[in-house]
Amino acid sequence: MMHEETLPLLLKQLRLMVFHRRWEEISEQAQREGWSYGQFLKTLCDAQVSERYQKRLARYIKESKLPPGKTLDLFDFNAAENIDNKKITAYAESSMWVKEAKNLIFFGPSGVGKTHLAAGIAYQMINEGLRCLYYPATKLVQELQKAKQKYALSSELARLARYPLLIIDDIGYVKKTEMESSVLFEVIADRYESGSIIITANQPFGEWDSIFPDSVMTVAAIDRLIHHADIINIEAQSYRKTHALTGGLSF
Ligand code: ADP
Ligand code: MG
């Protein structure tokens, strides 16, 4: 007769915490219902895998800093007629483009759903098991600039490189006059063909020379971004405005 006393310790050592917590309860059920050994083991494994997946999901969502609640199921495609539902869904359903380090660039005026769509796609990528990181562009520039001053830019870029998908929201809000925005170029160059970026912007490429320190850098940044990218133009009327109006607010 084999002794079971050390089983909890062994399961802990193996970090099989669901096994540790539930093996007795599930083995009683197995005996009651006459399961095979295989069935018993499979049930425990399923429960362990499922808990690991849920925990990882929660961890990825937390670290992503994505705006809460901006998932695609809450995006009303009927209210945004000129947004290509099929295209967005395709990017949300397959993580291939992230694995191939392709970029997505959303253009459009304020309030049309760029941030919501970018976040919605990113949440789906997290469900697919990919780590994502969201930054308002101005914040990203500030943080990279701070790192640069401490001679820590390369380690900061290495940290960002651990995320297969980086979302840079509202790149047009970065102004070369306010801050040294060359760090933005550094992150784009660093991720070229190695990590995906989703960028949202309310200005077309033609106006991006207000973002980067000089036109050479602007062209170099755009070249790297669009080499493997899809550009999605949204021209819908501001959802924010329409819904504020139907909600009875006046402007
Ligand atoms: P943008 O980034 O283009 O300025 P946002 O994505 O921030 O716009 O959208 C503005 C607000 O309106 C957000 O709260 C967003 O969730 C909501 N919104 C925009 N378009 C839609 C839509 N089609 N369905 C549901 N909510 C939307
Ligand atoms: Mg936005």
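Predicted model, so just to flag it, every value in this text is computed and none were measured. Atoms within a ligand are numbered from 1 in the order they appear, just like the ligands themselves.
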What is the closest protein heavy atom to atom 4 (O) of ligand 1, and at what distance does it sit?
Gly111 N, 2.7 Å

Just to confirm my output: which protein heavy-atom neighbour is closest to atom 6 (O) of ligand 1, and how far is it?
His116 N, 2.9 Å

Work out whether the distance between some heavy atom of Val112 and some atom of ligand 1 is less than 4.0 Å.
yes

Ligand 1 contact by Leu74, heavy-atom criterion under 4.0 angstrom
yes

What I want to know is whether Gly113 and ligand 1 share at least one N or O pair that is separated by under 3.5 angstrom.
yes

Within a distance under 4.0 Å of any heavy atom of Pro109, pick out the atoms of ligand 1 and give their elements.
3 (O)

Would you say that Trp35 contacts Gln29 through its side chain, given a criterion of any heavy-atom pair below 4.5 Å between the two side chains?
yes

Compute whether any side-chain donor of one residue and acceptor of the other, for Asn202 and Ser110, lie under 3.5 angstrom apart.
no

If you measure only the distance, is there a donor-acceptor pair under 3.5 Å linking the side chains of Asp46 and Ser50?
no

Between Tyr53 (side chain only) and Asn127 (backbone N and O only), is there a donor and an acceptor less than 3.5 Å apart?
yes

Closest heavy-atom contact between Ala221 and Phe212?
CB-CZ, 3.7 Å

Lys87 atom NZ: more than 12 heavy-atom contacts under 6.0 Å
yes

Starting from atom 7 (O) of ligand 1, which protein heavy atom do you reach first, and at what distance in Å?
Arg240 NH2, 3.2 Å

Considering non-hydrogen atoms of the protein only, which is the closest contact for atom 14 (O) of ligand 1, and what is the distance?
Lys70 NZ, 2.9 Å

If the test is side chain to side chain contact (heavy atoms under 4.5 Å, CB included), which one of Asp170, Leu104, Leu117 qualifies with Thr200?
Asp170

When you measure from the Mg ion (ligand 2) to the N, O or S atoms of Thr115, does any of those distances fall below 2.8 Å?
yes

Around atom 17 (C) of ligand 1, find the nearest protein heavy atom and jot down its residue, atom name and distance.
Tyr239 CD2, 3.4 Å

CD of Gln13: more than 12 outside heavy atoms within 6.0 angstrom?
no

Within 4.0 Å of some non-hydrogen atom of Asp76, the atoms of ligand 1 are 22 (C), 23 (N), 24 (N), 25 (C)

